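Every chain is numbered from 1 and lettered A, B, ... according to where its sequence line falls, protein lines coming before strand lines. Predicted model, so just to flag it, every value in this text is computed and none were measured.
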Protein chains: 2
Amino acid sequence: MRKQYMHPIEVTLDVVCGKWKGVILCHLQEEGILRFGELKKRLPGVSQKTLTLQLRELEEDGLVNRKVYPQVPPKVEYSLTEYGTELEATLEMMCEWGINHHDKVGPNSDSQLIEKPN
Amino acid sequence: MRKQYMHPIEVTLDVVCGKWKGVILCHLQEEGILRFGELKKRLPGVSQKTLTLQLRELEEDGLVNRKVYPQVPPKVEYSLTEYGTELEATLEMMCEWGINHHDKVGPNSDSQLIEKPN
DNA sequence: TGGTATAGTTACCTTTTTGATACTAAGGAG
DNA sequence: CTCCTTAGTATCAAAAAGGTAACTATACCA
């Protein structure tokens, strides 16, 4: 089933709009290579299944590499493809806007950015 | 219910990730002011209800203005807020990436960008 | 008197997305 | 033996998102 996009921004949004996809990409961008379990730790609240699914979709869309080491227990490493890195500038802009938006809506708003624990 | 974001990019994605929100923002960016019906023409396939909902959410998030003229039949104009325009550069980057992505995946892919009819 | 126009709202359904939970493979540690 | 490890799958349930169709208000036109 061939998807029909009416506007180029839909292509990008399609690829980035999963509940965890943006954050996954940001972490891979910051840290380079991450194993499945490491990624999971950085996304408090994802279920196993959902994380797997989001990663598979990112892989299908050509944004992340999946490197499987043939060993038990399994070891799988994820990283951005060269192609995924072309999205970095965009992701950074989105982060900046997010920070400003949060500042702007201020303490009375109904949204809140959580600080990372050390 | 206060939303808890773990990462600033979630703030932005939250605001932009509706099925039609990105395209709506792009059209408002290109054309300035659009009435409900004009917007609807530019989004082949949206339902009345969904378009209304997407616009309401964009309004709540402070990205678009809604100007109601007290007349019958009703006339309502939508435009970007100053705040929404701060997202323009980001939206443009997303469009560019979308175009390149589409080019890259090429004619064998299962996605397709439709040309606007005149 | 009846039809047209615009920007909705409402009730009801279907599809899509996400979550919770339990299960698996195969080697090493105790 | 038995348990622990990791990166999954499978199954079932719940929630979120979106779609369809019908209805509204009020002025104007024929």
Side-chain angles (χ1 to χ4, degrees), chain A residues 1-7 10 13-25 27-28 33-61 64-79 110-111, chain B residues 1-7 10 13-25 27-28 33-61 64-79 110-111:
Chain A
M1 19 121 191
R2 175 175 280 251
K3 272 183 201 163
Q4 315 258 56
Y5 296 110
M6 301 305 297
H7 196 287
E10 291 178 290
L13 286 173
D14 228 39
V15 143
V16 153
C17 283
K19 187 162 175 190
W20 307 91
K21 286 184 186 175
V23 201
I24 291 172
L25 292 173
H27 281 298
L28 291 178
I33 299 181
L34 287 172
R35 295 182 60 177
F36 183 88
E38 296 173 323
L39 217 30
K40 191 153 181 279
K41 269 180 220 147
R42 285 163 178 75
L43 310 178
V46 227
S47 65
Q48 196 100 326
K49 178 192 139 188
T50 302
L51 179 52
T52 302
L53 188 67
Q54 303 273 302
L55 286 166
R56 286 289 182 292
E57 290 176 7
L58 289 170
E59 198 194 350
E60 268 178 38
D61 288 322
V64 313
N65 287 313
R66 177 166 178 266
K67 182 170 182 185
V68 182
Y69 294 83
Q71 49 182 48
V72 170
K75 173 177 175 182
V76 181
E77 288 179 344
Y78 291 93
S79 57
D110 65 348
S111 74
Chain B
M1 18 117 197
R2 175 174 280 251
K3 270 183 202 162
Q4 316 258 56
Y5 295 110
M6 302 304 297
H7 196 287
E10 291 178 289
L13 286 174
D14 228 38
V15 144
V16 154
C17 283
K19 187 163 175 189
W20 307 91
K21 287 184 186 175
V23 200
I24 291 172
L25 292 173
H27 281 298
L28 291 179
I33 299 181
L34 288 172
R35 294 183 59 177
F36 183 88
E38 296 173 324
L39 216 30
K40 190 154 181 279
K41 269 181 219 145
R42 285 162 178 74
L43 310 178
V46 228
S47 65
Q48 196 99 325
K49 176 193 141 187
T50 302
L51 180 52
T52 302
L53 189 65
Q54 303 272 302
L55 286 166
R56 286 289 183 290
E57 290 177 5
L58 288 170
E59 199 194 351
E60 268 179 39
D61 288 322
V64 313
N65 287 314
R66 177 167 179 266
K67 182 170 181 186
V68 182
Y69 294 83
Q71 51 182 49
V72 171
K75 173 176 174 181
V76 181
E77 288 178 343
Y78 292 94
S79 57
D110 64 348
S111 75

Minimum heavy-atom distance [X]-[Y], with the two atoms named:
{"X": "B:Lys21", "Y": "B:Val15", "value": "CD-O, 3.3 Å"}
{"X": "B:Pro44", "Y": "A:Met6", "value": "CG-CE, 3.9 Å"}
{"X": "B:Lys40", "Y": "B:Val46", "value": "CE-O, 4.1 Å"}
{"X": "B:Glu38", "Y": "B:Ile33", "value": "OE1-O, 4.3 Å"}
{"X": "B:Tyr78", "Y": "B:Val64", "value": "CD2-CG2, 4.3 Å"}

Subject >> 5′-ward residue of the pair A:Arg35/B:Lys19 relative to DNA chain D >> reply: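 The answer here is A:Arg35.
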Original post:
Which comes earlier along DNA chain C counting from the 5' end, the contact point of B:Tyr78 or that of A:Gly18, where each point is its nearest nucleotide?
Top reply: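 By nearest-heavy-atom nucleotide position, the 5'-most residue is B:Tyr78.
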Original post:
Given that A:Pro73 and A:Cys17 both sit by DNA chain C, which one's nearest nucleotide is further toward the 5' end?
Top reply: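 By nearest-heavy-atom nucleotide position, the 5'-most residue is A:Cys17.
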**OP:** Have a look at A:Tyr69 and say if it touches a base, only the backbone sugar-phosphate, or nothing, with a 4.0 Å heavy-atom cut-off.
**Re:**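 If one applies the 4.0 Å heavy-atom cut-off, A:Tyr69 turns out to touch nothing in the nucleic acid.
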Flag side-chain contact, heavy atom, 4.5 Å: [X] against [Y]:
{"X": "A:Phe36", "Y": "A:Gln48", "result": "yes"}
{"X": "A:Glu10", "Y": "B:Val23", "result": "yes"}
{"X": "A:Gln54", "Y": "A:Ile24", "result": "yes"}

Original post:
Along DNA chain C, 5' to 3', what are the outermost nucleotides having an atom less than 4.0 Å from a heavy atom of chain B?
Top reply: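 From 5' to 3', the first and last contacting nucleotides are C:dA5 to C:dA11.
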Subject >> Stepwise side-chain contact (heavy atoms from CB on, under 4.5 Å) check, A:Leu39 with A:His27 >> reply: CA-CA 8 Å; A:Leu39 217 30; A:His27 281 298; 4.2 Å; yes
Original post:
Is there a donor-acceptor contact under 3.5 Å linking the side chains of A:Glu77 and A:Tyr69?
Top reply: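 Yes, a side-chain donor-acceptor pair sits under 3.5 Å.
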Just the rounded figure in Å: distance from [atom2] of [N] to [atom1] of [X].
{"X": "A:Arg66", "N": "D:dA7", "atom1": "CZ", "atom2": "P", "result": "10 Å"}
{"X": "A:Asp14", "N": "D:dA17", "atom1": "CG", "atom2": "P", "result": "16 Å"}
{"X": "A:Phe36", "N": "D:dG8", "atom1": "CZ", "atom2": "C1'", "result": "7 Å"}

Original post:
Which value, rounded to the nearest 0.5 Å, describes the distance between A:Leu51 atom CG and A:Trp20 atom CH2?
Top reply: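 Rounded to the nearest 0.5 Å, the CG-CH2 separation comes out at 9.0 Å.
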Subject >> Divergence of helical axes at both termini of the helix from C:dT1-D:dA30 to C:dG30-D:dC1 - five pairs an end, 10° steps >> reply: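 Comparing the first five pairs with the last five, the axes sit 20° apart.
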Subject >> Residues within residues 38-59 of chain A bordering DNA chain C, heavy-atom distance below 4.0 Å >> reply: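 Those residues are A:Lys49, A:Thr50, A:Gln54.
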